[in-house]
Every structure is written in structure tokens, then in C-alpha cells.
Amino acid sequence: MAAFGKPLLGIFVTHAHPDHFNGVHALLDGRDIPVHATEAVGKAIVEIADAKRAQWGPVYGDEWPAVTAYPTVLLEDRQTVELGGVTFTARHVGPAESHADSYFLASADGGAPTAFIGDLAFHGTHPYTADGHGALWLDALTTLTADLADARTLLPGHGAPTGLDVLTAQHRYLRHYRDTVRELAQGSPTLSQDAKDELDRRMQEFAPDLPLTWMIALGADAVATELATS
């Protein structure tokens, strides 16, 4: 890329959310550059891209791209790709923060890897919880803490580069969020507006000064539904 004085040799997509795959088309700009994703992520993007465009295109207008650049190289779990002397290893996670999550380990010369973790952990913001896979997400975070023990740096999709503590913090946040939704929902698959307002108040008290507070209520019904049916 021009900012780094380096050619763009490949693109990696960690999960099937439009804020992560919508920009691929602009990055390609007509060039023949491989777009990598795990098989599950690639399949999920194909399944949801048109529906998301129909849903959000009228809201965002020209800001929402008219076309989707789909992954062209689908990777199995632990499959590697070498680009510019850096080895990238794909790691399949499955449903967690989104309907299909993954992460990539990048290492050079056998050194400690850098982990591109997508939205498996948000660093310094309220997270998106509206896809309703909270239990699986918690399990994934527990596994990741062990799997990434040797990683030099974790690069989340939202927030600054960080270390393993971000996984612990995300796990703690999700547990508190789910416990609060469970208490307020009382077995119902939805929350009243008053209950959502109380959830918002409690989560801002739990995690003060974090941005994206609008996401607190956004995922409330999805989490309540998951808890009511589990």
C-alpha cells in the first residue's frame, strides 16, 4: 500500500460482518489480488451480503458499496499462506461474535506470531452481541487464551494493539452482560424498553467511559432469546 511503500499482496477477512468485508472491493480496485478467508467465513459472507445490502443500503446510501468482493481463496483450519516472507496461518473458530469467526497468525523467520483476532475481542469499546452466539463466544475466548499464549501482539478489529488481557476482559464483560440480561428478562426472549434502559445503565456503570454505548441495547433481545432457549 502507498502509505507503507509496500505492494498489496493479499487480503484476509476474519469474519462475516459488513464492516469487515465491505471495504474489500475498494482495496482491490480492479486488481487481481487474492482475498483469503476460512471456508466458513467465505460461505457466511456469500449468504448474508445481499440481505445486508438490502437492509442497510437505504440507510447508508452511497456509503454502502453496490457490490461485494467475495473471498477467492478459502482456507481450512491451520492452512498456511506465505506472502512477502510472512507466513499466515488460518484458524477456524465458528459462530462466536458473528455467525462465522476466525483469526490469523502472522509470523516471519520463525518468530513469535502476531494474531489478527477480528472481533473475537473488542478493545476499549462496547461489543456487538446481536448475532446471539454468546455461549459459544465465551467458549472460544477460553480456548483462545491458551492458543494465543505465545502471540507477541493481538490486533483486534476494533481498538488498539494489545495483549492477552483483552480476551479476559471480553470474557468478563460478556458474562456480566448475559447475567444482567438474564435477570432483567426473567425468562422472556425479549426485553421491555424499560429493561433495556436499565441494562444500558448497568453496563455503563460496569464499563464506564467506553464508546459505542448504542450497542448495549442492540444485542439485548438476541441474548435474551439465546438464554431463553438454551
Side-chain angles (χ1 to χ4, degrees), residues 8-57 59-60 64-83 86-106 113 115-122 127-144 147-148 154-158 167 170 174 215 218-219 221-223 225-226 229-230:
L8 181 60
L9 301 179
I11 298 168
F12 294 84
V13 182
T14 56
H15 63 291
H17 274 166
D19 60 322
H20 290 262
F21 66 74
N22 264 356
V24 171
H25 177 74
L27 285 174
L28 291 174
D29 193 26
R31 295 171 291 182
D32 185 18
I33 296 168
V35 180
H36 305 83
T38 62
E39 293 178 352
V41 170
K43 179 181 178 182
I45 292 173
V46 170
E47 290 174 347
I48 72 169
D50 288 342
K52 292 294 186 182
R53 182 176 296 107
Q55 178 184 8
W56 293 108
V59 176
Y60 288 96
W64 198 275
V67 297
T68 299
Y70 296 100
T72 57
V73 180
L74 299 182
L75 304 172
E76 297 178 357
D77 185 38
R78 299 181 185 274
Q79 187 172 346
T80 62
V81 174
E82 185 170 343
L83 297 173
V86 178
T87 299
F88 296 86
T89 303
R91 295 305 314 271
H92 168 75
V93 174
E97 188 265 350
S98 73
H99 297 314
D101 286 276
S102 70
Y103 63 96
F104 291 92
L105 299 173
F116 293 83
I117 62 172
D119 287 356
L120 287 165
F122 288 66
Y128 179 85
T129 58
D131 278 353
H133 305 295
L136 293 173
W137 191 358
L138 287 169
D139 290 343
L141 287 166
T142 299
T143 301
L144 279 173
D147 289 350
L148 296 178
L154 275 58
L155 299 176
H158 300 271
L167 304 177
Q170 186 66 82
L174 290 176
M215 294 225 276
L218 180 68
D221 287 343
V223 173
T225 297
E226 181 193 1
T229 56
S230 60

Could you give the distance from [atom1] ([X]) to [atom2] ([Y]), rounded to the nearest 0.5 Å?
| X | Y | atom1 | atom2 | answer |
| --- | --- | --- | --- | --- |
| Leu148 | Leu120 | CG | CG | 9.0 Å |
| Arg91 | Thr14 | CZ | OG1 | 15.0 Å |
| Leu167 | Asp147 | CG | CG | 10.0 Å |
| Trp137 | Thr129 | CH2 | OG1 | 7.0 Å |
| Thr38 | Arg78 | OG1 | CZ | 13.5 Å |

ask   = Under 30°, 30 to 60°, or over 60°: which ring-plane class applies to Trp56 and Tyr60, parallel, tilted or perpendicular?
value =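 Judged by the thresholds at 30° and 60°, the geometry between Trp56 and Tyr60 is tilted.
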request  = Using the six-membered ring wherever Trp is involved, compare the ring planes of His20 and His158 and label them parallel, tilted or perpendicular (cut-offs 30° and 60°).
outcome  =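 Perpendicular.
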For a 4.5 angstrom cut-off between non-hydrogen side-chain atoms, does [X] reach [Y]?
| X | Y | result |
| --- | --- | --- |
| Leu9 | Ile33 | no |
| His92 | Ser102 | no |
| Arg31 | Leu8 | yes |
| Val13 | Val35 | yes |
| Tyr103 | His15 | no |
| Gln170 | Pro127 | yes |

message = Just by distance, no angles: are the side chains of Thr142 and Asp139 close enough, under 3.5 Å, to form a donor-acceptor pair?
response =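 Thr142 vs Asp139: no donor-acceptor pair found between side chains.
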Looking only at heavy atoms, which two atoms of [X] and [Y] are closest? And how far apart?
| X | Y | value |
| --- | --- | --- |
| Asp119 | Gly157 | OD1-CA, 3.7 Å |
| Leu218 | Ala130 | O-CB, 4.0 Å |
| Pro71 | Ile45 | CG-CD1, 4.0 Å |
| Ala37 | Gly42 | CB-N, 4.2 Å |
| Pro95 | Leu136 | O-CB, 3.4 Å |

Counting only N and O atoms by type, is there a donor-acceptor contact under 3.5 Å from the side chain of [X] to the main-chain atoms of [Y]?
| X | Y | value |
| --- | --- | --- |
| Asp101 | Ala96 | yes |
| Ser98 | Ala100 | yes |
| Trp64 | Val59 | no |
| Glu226 | Ala135 | yes |

request  = For the pair Phe104 and Leu155, evaluate side chain to side chain contact (heavy atoms under 4.5 Å, CB included) and give the outcome as yes or no after the intermediate values.
outcome  = CA-CA 10 Å; Phe104 291 92; Leu155 299 176; over 6 Å; no
query = Between Thr68 and Arg53, is a side chain to side chain contact (heavy atoms under 4.5 Å, CB included) present by the stated rule, with each step listed?
reply = CA-CA 9 Å; Thr68 299; Arg53 182 176 296 107; 2.5 Å; yes
message = Using the side chain to side chain contact (heavy atoms under 4.5 Å, CB included) definition, which of the options Lys43, Glu39, Gln79 pairs with Leu74?
response =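 One option only clears the test, and that one is Glu39.
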query = Out of Ile117, Thr87, Thr80, Thr89, which one pairs with Leu105 under the side chain to side chain contact (heavy atoms under 4.5 Å, CB included) rule?
reply =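 Answer after filtering Ile117, Thr87, Thr80, Thr89: Thr89.
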message = Aromatic contact between Phe12 and Phe88, with the criterion being ring centroids under 6.0 Å apart: yes or no?
response =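 Yes.
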key: Check: Tyr128 ring centroid to His17 ring centroid under 6.0 Å   =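 Yes, ring centres under 6.0 Å apart.
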